[in-house]
**Q** 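Quick one: structure below, then a few questions.
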Amino acid sequence: AAPVSYMEIFENQTVSIGIFVLKDGASIPLHDHVGMYGILKVLYGSLNVQSYSSIDLPGQTNSSIVHQPQYLKARRFPISCINEKDSPAVLSPSERNLHTIWTVGGPASFLDILAPPYDPSGTLNGGKVRDCYYYSDVAGEDGMPSNSEIRLLKKTSCPPSFWCDSLTYCGPDI
């Protein structure tokens with residue numbers, strides 16, 4: 001029933017490997033991968049990926065809003081449309097580590113590899129929490145130009161339209 005399903009294949013303190021399955025018209029909202037490396041390889045269908053890199057550009061705006069902790073300045077990259085024939089999308093701790101993903105013309109699935117994995121409880125990371133945060137692109141507010149590659153992102157709660165259920169992995173052990 002969920003618009004997005006996740007199948008965990010393997011996870012330890014170093015890496016998480018899983019598969020996301022998105023129904024036609026589904027999307028994963030703008031979210032971050034703080035301190036992580038990631039690989040997204042489309043297995044079926046086509047996906048659009050809009051990526052951002054967090055930046056600190058002092059003096060780029062006179063806006064006082066960007067100095068508040070719930071805001072982040074980021075460089076927006078052009079949308080990439082990728083399918084199973086394309087090379088994987090790659091993110092690093094400093095490049096393209098914020099993104100949103102949505103289907104193009106039907107359902108899609110992708111392999112997702114993150115290193116190190118999310119750790120919302122801090123049990124894998126020596127007590128340091130590594131969680132996922134959601135954002136909205138609010139460029140155009142408070143004097144930020146809306147047509148610029150430099151964007152203003154606001155930390156927000158997970159949109160109610162996004163939810164994910166689990167699928168069971170039945171393949172070989174890793």
**Q** Taking the side chain as C-beta and beyond, is there a heavy-atom pair between Pro107 and Tyr44 under 4.5 Å?
**A** yes
**Q** Considering all heavy atoms of both residues, which atom of Ser16 and which atom of Glu11 are nearest to each other, and what is their separation?
**A** CB-OE1, 3.5 Å
**Q** Looking at every non-hydrogen atom in both residues, tell me the closest pair between Leu153 and Ala74 and how far apart they are.
**A** CD1-CB, 3.7 Å
**Q** Should we say atom OH of Tyr37 is surrounded by more than 12 heavy atoms from elsewhere, each under 6.0 Å from it?
**A** no
**Q** Taking C-beta and beyond as the side chain, do Ser157 and Tyr134 meet within less than 4.5 Å on heavy atoms?
**A**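 No - every pair of side-chain heavy atoms lies 4.5 Å or more apart.
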**Q** Where is the tightest heavy-atom contact between Ile19 and Ser109, given as atom of each residue plus distance?
**A** CG2-CB, 4.4 Å
**Q** Would Phe110 and Val4 show up in the same hydrophobic cluster when neighbours are defined by side-chain heavy atoms closer than 4.5 Å?
**A**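 Looking at the clustering, Val4 is in the same group as Phe110.
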**Q** Out of curiosity, does Val15 fall in the hydrophobic cluster containing Tyr6 (side-chain heavy atoms, cut-off under 4.5 Å, transitive links)?
**A** no
**Q** Applying side-chain contact (heavy atoms from CB on, under 4.5 Å), run through Phe77 and Ser53 and close with a yes or a no.
**A** CA-CA 8 Å; Phe77 293 91; Ser53 293; 3.2 Å; yes
**Q** Answer yes or no: is there a side-chain heavy-atom contact under 4.5 Å between Ser51 and Leu91?
**A** no
**Q** Applying the 4.5 Å side-chain criterion to the ILVMFWY set and letting contacts propagate, would Ile174 and Leu114 be lumped into a single cluster?
**A**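 Different clusters: Ile174 never reaches Leu114 through Ile, Leu, Val, Met, Phe, Trp or Tyr contacts under 4.5 Å.
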**Q** Supply the atom-to-atom distance Asn83 CG to Cys81 SG, rounded to the nearest 0.5 angstrom.
**A**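 Spacing of CG (Asn83) from SG (Cys81) equals 7.0 Å.
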**Q** Of the non-hydrogen atoms in Ala89 and Ile82, which two are nearest, and what is the gap between them?
**A**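 Distance-wise, the nearest heavy atoms are CB-CD1, 4.2 Å.
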**Q** Can you name the nearest heavy-atom pair linking Glu84 to Gly45, along with the distance?
**A** OE1-O, 3.1 Å
**Q** Below 4.5 Å, heavy atoms only, C-beta onward: do Leu111 and Leu40 meet side chain to side chain?
**A**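 When only atoms from C-beta onward are counted, Leu40 and Leu111 do not touch, as no gap falls below 4.5 Å.
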**Q** Ile28 versus Leu22: any side-chain heavy-atom pair under 4.5 Å?
**A**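 In short, these two side chains touch, coming nearer than 4.5 Å.
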**Q** Side-chain heavy atoms under 4.5 angstrom apart, residues restricted to Ile, Leu, Val, Met, Phe, Trp, Tyr: same cluster for Leu43 and Phe20?
**A**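 No, it is not one cluster - the side chains of Leu43 and Phe20 are not joined through contacts under 4.5 Å.
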**Q** Do His33 and Tyr118 have side-chain heavy atoms sitting under 4.5 Å apart?
**A**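 Touching, per the 4.5 Å side-chain cut-off.
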**Q** Hey, what do you get for CD (Gln50) to CZ (Arg96), rounding to the nearest 0.5 Å?
**A** 9.5 Å
**Q** Answer yes or no: is there a side-chain heavy-atom contact under 4.5 Å between Ile17 and Tyr169?
**A** no
**Q** Enter the distance from Lys154:NZ to Gln70:CD here, rounded to the nearest 0.5 Å.
**A** 6.0 Å
**Q** Between atom CD of Glu8 and atom CG of Leu167, what is the distance when rounded to the nearest 0.5 Å?
**A** 12.0 Å
**Q** Given side-chain contact (heavy atoms from CB on, under 4.5 Å), test Ile150 with Ile55 step by step and report yes or no.
**A** CA-CA 9 Å; Ile150 305 304; Ile55 57 172; 3.5 Å; yes
**Q** Quick check: closest heavy atoms across Ser92 and Asn97, and the distance to 0.1 Å?
**A** O-CB, 3.1 Å
**Q** Would you say Thr100 and His31 make side-chain contact, with heavy atoms under 4.5 Å?
**A** no
**Q** Just how far is it from atom NE2 of His99 to atom CG of Asp32, taken to the nearest 0.5 Å?
**A** 9.5 Å
**Q** Show your working on side-chain contact (heavy atoms from CB on, under 4.5 Å) between Leu72 and Leu98 and close with a plain yes or no.
**A** CA-CA 11 Å; Leu72 178 71; Leu98 297 112; 3.9 Å; yes
**Q** Calculate, to the nearest 0.5 Å, the distance between atoms CD1 and CG belonging to Ile101 and Leu30 respectively.
**A** 10.0 Å
**Q** Lys41 side chain to Asp86 main-chain N or O, any donor-acceptor pair under 3.5 Å?
**A**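 Answer holds: yes.
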**Q** Whether Arg151 engages the ring of Tyr52 as a cation-pi pair (distance to the six-membered ring centre under 6.0 angstrom, angle to the ring normal within 45°) should be assessed.
**A**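 No, a cation-pi geometry is absent between Arg151 and Tyr52.
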